Amino acid sequence: MAFTLLVNGVQYSVDAEQETPLLWVLRDSIGLTGTKYGCGIGQCGACTVLMDGNAVRSCFMQAGRAVGRKITTIEGLSPDGSHPAQLAWKEFDVPQCGYCQSGQILTAVALLEKKPKPTDADIDAQMTNACRCGTYHRIRQAIHRAAALRGQ
Amino acid sequence: MSEKTPEKKTEMDRREFLTTTATVGGAMVLGFWMPLSAEAANMPVAPTPWYREAAVPEINAWITIAPDDTVTIRVGQTELGTGVFTANPMMVAEELQCDWKKVRAEYASANRDAREKAPEWTLKVPGNGESDPGGAAPVELENAKGVYRRMIIHSSGNVRESRYYLQLAGAEARERLLLAAANEWGVPVSELVAKDSVITHAKSKRRTTYGAIAAKAARTPLPDPSKIKIKTPDKYTLLGTEQKSLDVPLKVTGEAIYGIDIRLPGMLYAAVKACPVWGGDVQSYNFDRIRNMPGVHSVVRLPFDSLTKSVGFLCGGVAAIADSWWRAKTALDALPVEWNYGSGAGVSSTSLYDLHLATGKQPGEAKTNDGNVDEAMARAAKVVEAVYSVPFSPRARMEPGNATVLVTDNRVDIWSGDQDPQGLLRRAAKLTGITPENVYIHSTFQGGGYGSNGNGPQGEQAVAVANAVRGRPVKMLWTREEDWGTGTKYRPMSVCLMKAGLDAQGWPIAMEVRHATTWSLGDMGYRGLSAPPYFIPNYRLTIHAPKTHVPIGTRRGTGAAPNGFYMESFIDELANIAGKDPYMYRRELISRNPAEPKQGVGGFVHRDDFVRALDMVAKMSGWGTPLPEGWARGIAIDDRRRPTRTTSTICAQVHTVEVTKAGKLTHHRVDVVFEQGFALMNPLSVRKQIEGQIAWGYDDTMYQATTLEEGHAIERNFDKFPVSRMNEYPKQVNIQFMKTNRWITGAGEEAIPQIPPAILNAVFKITGKRFRSIPLKSHDLSWG
Ligand code: FES
Ligand code: FES
């Protein structure tokens with residue numbers, strides 16, 4: 001029942017049930033632990049990854065359905081933390097506990113792909129990930145900054 | 001306790017495993033992760049931040065210095081988002097006078113703390129308490145005799161309790177570096193200057209670096225370490241400046257390792273189901289039904305007995321162990337379990353509310369009884385009565401409870417982010433019968449905390465599971481539902497009966513507060529209520545203690561959160577009845593306190609600073625200036641002061657809120673005045689804490705409650721326990737710090753108590769509806 005997943009440009013052969021949520025295959029089979037578990041029911045966004053450029057909640061998707069798709073996790077965003085979103089996140093010192101931030105950053109990256117200059121209303125509509133530490137204020141500023149950095 | 005499927009039994013080579021563990025405490029784990037990014041190698045915090053035995057000169061237990069001048073500072077407290085990994089190194093580095101750009105942080109070791117006594121020079125608290133710039137705020141370290149003193153993180157106490165000895169640690173190391181250089185050059189130490197990790201002797205134009213002299217300094221004791229003094233805030237150069245968090249670079253790449261991320265060779269995974277009713281236990285289960293499911297290893301019973309109770313279990317349960325967590329969880333979901341629910345099974349939130357209300361009407365224990373309340377109430381021009389309440393609520397952190405544990409016959413290793421590493425170490429020893437000196441905690445980052453004992457018995461349960469499969473490391477992870485439903489303690493439900501007698505002008509001449517709460521921990525039930533800041537000449541507070549089976553613990557804001565909600569809402573009601581502006585009404589009642597300060601009625605020690613904070617927040621928020629229809633401002637003030645102390649953190653807030661006629665609320669703007677005392681360690685970190693508390697307090701106001709039915713929690717995941725998102729966060733947040741002449745209590749929760757009353761006071765102004773319970777989701781806000 002092994003299957004193959006393309007994650008961060010690498011083909012991984014996975015030995016797990018196809019119906020295992022993608023989240024657990026990423027974390028436990030492949031070892032990419034930057035993607036976090038928060039609710040398991042598609043509500044919190046801690047498990048967000050990019051699939052063909054769209055933000056998806058990996059706890060709610062069977063791994064088998066990700067076969068043949070291009071998956072990007074936080075580890076694959078840049079080799080050295082230099083993606084504009086990561087730079088902006090550091091500039092505004094966004095994370096507190098940090099647990100939700102992989103998901104926040106990837107959701108922001110997907111937003112910036114679609115709307116290179118997002119308005120506050122765009123941010124409100126797209127950034128639906130929960131942050132229990134309440135870092136929203138800085139996430140908003142960092143997204144605007146990341147948009148500016150991308151434009152340069 | 002364990003039933004094993006023989007064919008799955010694969011003992012790993014324990015000796016090999018332990019050797020690797022012992023070598024570098026982490027290197028062997030690294031092989032199991034993605035290689036570190038190029039940047040990670042130079043980051044100020046390692047992805048695996050736990051304690052390492054020093055490979056470079058160690059000056060004292062907090063500080064090692066490498067030949068290239070890298071200073072590694074050890075942090076006793078757990079980084080769960082409050083900034084200790086930055087503020088604590090800053091306190092050390094301020095005195096050490098080293099180059100901040102070359103500072104790294106890692107965890108201190110609870111194991112070392114169990115083995116090594118605190119140095120003499122850390123034991124005496126300098127100065128004269130919180131009103132002395134050279135002193136420290138009240139420090140409660142009686143039980144912390146180990147080298148790292150107070151490792152538990154709670155009560156906003158990190159800076160308050162550890163500042164003085166972290167400053168001492170930095171100063172002790174600096175003095176030894178200077179002495180070593182003086183000895184080498186044969187010059188008096190008084191002629192040397194230390195700055196940015198460089199020591200210079202002006203007269204002879206000699207210089208050396210910390211890295212070059214560190215090995216000597218490590219062998220150079222001070223003749224009299226009791227002479228070391230700490231800097232007063234006017235001498236600070238690093239403290240008080242805004243410094244970015246050292247751990248942030250790791251938290252934007254996914255590299256920061258939390259407890260949930262640990263992966264070890266040969267590791268098994270465990271999922272746990274605890275009895276949904278606290279105090280209950282497993283009656284029976286049928287392992288045969290899941291024995292042959294993929295990857296299943298065994299089932300471990302977690303009994304609720306005197307031993308497990310003594311280490312913090314809240315009920316009994318079962319753990320399924322498998323070769324992956326998803327398989328363990330899938331098997332556990334299929335495992336038939338019969339529960340013995342125990343005596344809590346018949347209880348609901350409604351029955352508990354009735355019980356609280358009834359208990360509140362019975363005689364209670366008087367905490368304050370000033371003047372003659374009954375006589376004054378009898379002659380009041382008007383008597384006002386109101387019943388307020390809050391529901392049960394968990395801290396609800398993001399990272400579900402977990403720990404990875406390896407128990408062998410003579411050693412326990414725990415990888416975990418835990419708020420109380422010293423306590424976990426002791427409890428692990430107790431559970432396994434292995435001496436505390438042989439328990440090792442490898443601390444990781446933690447995904448939120450928000451209150452002491454915030455992580456529940458995650459580590460203890462994991463130890464119990466791993467103890468049943470000795471020789472194999474086991475990662476135990478709770479589902480979100482387990483974490484919020486059975487693994488945590490709750491801020492208790494409470495009901496507060498308030499009654500005031502007003503004179504003809506609407507000023508209170510008497511107040512009676514009857515607070516029914518199960519919160520018997522310390523002053524939780526009466527902090528903020530036993531001595532309100534308002535001058536009320538006849539005042540009585542009684543505490544009424546109903547009994548419930550629900551586990552009760554402290555939650556961000558502690559007792560000040562519900563108590564502040566009650567007092568700051570009721571005072572607003574009185575202002576309205578008196579026909580006076582709620583800001584001016586508060587201001588007048590605070591100013592009426594006599595000048596001679598004492599706690600409680602007849603004087604209020606922070607009188608003038610309270611008035612100043614109110615004035616500041618009114619000004620910055622534009623209090624009294626016009627707003628559109630359906631908008632209003634609400635005000636509240638609190639200082640989380642404890643009845644037995646004078647330390648405080650005064651925080652005044654104005655919330656600007658809109659409610660549509662259909663009842664939809666928008667939180668537009670928050671203005672915050674926050675006491676900074678003599679100095680904040682890292683003002684950036686405090687700002688972030690306040691910003692976060694605004695979301696936190698808003699969630700309490702709007703959404704959050706744990707409802708009980710048949711003795712168990714209904715809201716166990718994000719679907720029923722909402723957390724606000726970006727779109728609800730106010731677009732405008734203004735924060736001003738207010739200087740005062742004392743050390744503050746802390747900053748982790750001091751902006752929480754004001755939020756529900758300030759929002760509800762604004763809602764009243766708009767809708768004319770006075771809501772006396774939270775969350776607002778259960779109320780109809782429509783108006784007009
Ligand atoms: S863990 Fe997937 S949305 Fe919460
Ligand atoms: S930073 Fe802690 S949950 Fe978002």
Side-chain angles (χ1 to χ4, degrees), chain A residues 8 16-17 20-21 24-25 27-29 31-41 43-44 46 73-75 77-83 85-87 89-91 93-102 105 120 123-140, chain B residues 32-34 37-40 79-83 244-245 247-258 260-261 263 269 294 324-327 396-400 445-450 477 479-480 684 688-689 691-696 717-719 723-727 729-731 733:
Chain A
N8 302 334
E17 288 73 26
T20 308
W24 297 106
V25 169
R27 288 182 53 83
D28 290 348
S29 308
L32 292 168
T33 54
T35 308
K36 297 295 193 259
Y37 162 60
C39 70
I41 55 169
Q43 291 268 332
C44 74
T73 70
I74 188 74
E75 291 91 342
L77 197 55
S78 72
D80 53 1
S82 63
H83 185 282
Q86 290 169 315
L87 293 176
W89 247 249
K90 286 185 267 193
E91 185 179 330
D93 210 42
V94 174
Q96 290 187 27
C97 85
Y99 195 78
C100 73
Q101 299 293 344
S102 303
I105 291 171
D120 277 344
I123 294 173
D124 281 349
Q126 290 308 309
M127 296 302 295
T128 56
N129 295 27
C131 174
R132 190 67 177 130
C133 296
T135 60
Y136 302 121
H137 190 61
R138 282 169 195 274
I139 291 176
R140 181 185 302 283
Chain B
F32 276 67
W33 290 316
M34 289 288 286
S37 71
E39 208 191 35
E79 179 55 84
L80 41 78
T82 58
K244 288 187 188 160
S245 310
D247 54 338
V248 154
L250 285 176
K251 289 178 173 177
V252 302
T253 59
E255 285 165 301
I257 295 300
Y258 297 79
I260 196 174
D261 302 329
R263 312 179 76 231
Y269 294 79
S324 84
W325 186 75
W326 187 253
R327 284 173 165 174
R397 63 181 179 147
M398 284 295 281
E399 181 185 9
F445 294 110
Q446 190 174 4
Y450 323 116
L477 168 64
T479 58
R480 170 52 68 212
L684 175 60
K688 287 168 63 177
Q689 285 298 300
E691 289 162 6
Q693 288 170 55
I694 289 169
W696 230 83
N717 206 331
F718 282 88
D719 50 349
V723 171
S724 64
R725 309 300 154 93
M726 176 69 79
N727 63 336
Y729 195 85
K731 294 282 187 296
V733 170

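Please read all numbers here as calculations on a predicted model, not as lab measurements. Chain letters run A, B, ... following the sequence lines, proteins first, then strands; residues in each count from 1.
With a 4.5 Å cut-off on non-hydrogen atoms, A/Leu77 does not touch chain B at all. Contacts of A/Val25 with chain B are absent, with no heavy-atom separation under 4.5 Å from either backbone or side chain. With a 4.5 angstrom heavy-atom cutoff, A/Thr135 does not touch chain B via any of its atoms. Heavy atoms of A/Ser29 lying under 4.5 Å from chain B belong exclusively to its backbone. Using a 4.5 Å cut-off between heavy atoms, B/Thr82 makes no contact with chain A at all. Only the backbone of A/Asn129 comes within less than 4.5 Å of a heavy atom of chain B; no side-chain atom from C-beta onward does. With a 4.5 angstrom heavy-atom cutoff, B/Ile260 touches chain A via backbone and side-chain atoms both. For B/Ile694, no part lies under 4.5 angstrom from a heavy atom of chain A.
Taking B/Ser324, B/Gly692, B/Pro730, B/Ala695 one by one and counting their heavy-atom pairs under 4.5 Å with chain A, the maximum is reached by B/Gly692. In terms of non-hydrogen atom pairs under 4.5 Å with chain B, the most contact-rich of A/Gly98, A/Ala130, A/Gly134 is A/Ala130. Note: B/Tyr258 leads B/Phe445, B/Tyr269, B/Tyr258 in heavy-atom pairs under 4.5 Å with chain A. When the candidates B/Ala256, B/Gly448, B/Ala396 are compared by the number of heavy-atom contacts under 4.5 Å with chain A, B/Ala396 comes out ahead. Considering only heavy-atom pairs separated by less than 4.5 Å from chain B, the leading option among A/Arg27, A/Met127, A/Gln101 is A/Arg27.
Put simply, the side chain of B/Lys251 never gets that close to the backbone of A/Val94: no donor and acceptor are under 3.5 Å apart. In this structure, the side chain of A/Gln96 engages the main chain of B/Lys688 through a donor-acceptor pair within 3.5 Å.
Remark: A/Gln126 engages A/Leu111 in a side-chain contact (heavy atoms from CB on, under 4.5 Å) (not counting sequence neighbours). For A/Tyr136, there are no ring pair (Phe, Tyr, Trp, His ring centres under 6.0 Å) partners at least two apart in sequence or on another chain.
The nearest pair of heavy atoms linking A/Cys100 to B/Met398 is CB-CE, 4.0 Å. Minimum interatomic distance between A/Gln86 and B/Val252 (heavy atoms only, all atoms of both residues): NE2-O, 2.8 Å. Scanning both residues, B/Pro400 and A/Tyr99, for their nearest heavy atoms gives CD-OH, 3.7 Å. B/Gly254 and A/Ile74 get closest at one heavy-atom pair: CA-CG2, 3.6 Å.
For the pair B/Met726/A/Ile123, a side-chain contact is recorded, criterion being any heavy-atom separation below 4.5 Å from C-beta on. The side-chain heavy atoms of A/Trp89 and B/Pro249, taken from C-beta on, include no pair separated by under 4.5 Å. In this structure, B/Trp696 and A/Arg132 have side chains that are in contact, with non-hydrogen atoms separated by less than 4.5 Å. Between A/Tyr37 and B/Glu399 the shortest side-chain heavy-atom distance does not fall below 4.5 Å. B/Val723 places none of its side-chain heavy atoms less than 4.5 Å from the side chain of A/Cys44.
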Starting from the C-alpha separation in whole Å, work towards a yes-or-no answer on salt bridge (Lys or Arg N to Asp or Glu O under 4.0 Å) for A/Asp124 and B/Arg725. CA-CA 8 Å; A/Asp124 281 349; B/Arg725 309 300 154 93; over 6 Å; no
List the steps and the verdict of side chain to side chain contact (heavy atoms under 4.5 Å, CB included) for B/Thr253 and A/Glu75. CA-CA 6 Å; B/Thr253 59; A/Glu75 291 91 342; over 6 Å; no
Pair A/Lys36, B/Asp261 - check salt bridge (Lys or Arg N to Asp or Glu O under 4.0 Å), show working. CA-CA 9 Å; A/Lys36 297 295 193 259; B/Asp261 302 329; 2.9 Å; yes
Please lay out, stage by stage, how A/Lys90 and B/Lys244 fare under the test side chain to side chain contact (heavy atoms under 4.5 Å, CB included). CA-CA 8 Å; A/Lys90 286 185 267 193; B/Lys244 288 187 188 160; over 6 Å; no
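Once rounded to the nearest 0.5 Å, the distance linking CG of B/Leu80 with SG of A/Cys133 reads 8.0 Å. Distance check: A/Thr20 OG1 to B/Trp326 CH2 gives 7.5 Å after rounding to the nearest 0.5 Å. Atom CZ of B/Phe718 sits about 6.5 Å away from atom SG of A/Cys39, to the nearest 0.5 Å. Interatomic distance, B/Asn727 CG to A/Arg140 CZ, rounded to the nearest 0.5 Å: 8.5 Å. Atom NE2 of A/His137 is separated from atom NZ of B/Lys731 by 11.5 Å, given to the nearest 0.5 angstrom. Summarising the geometry, atom CD belonging to B/Gln446 is positioned 9.0 Å from atom SG belonging to A/Cys97; distances are rounded to the nearest 0.5 Å.
A donor and an acceptor atom, one from each side chain of B/Ser245 and A/Asp93, are located under 3.5 Å apart.
Contact check on B/Arg327 versus A/Glu17 returns a salt bridge, with a Lys/Arg side-chain nitrogen under 4.0 Å from an Asp/Glu carboxylate oxygen.
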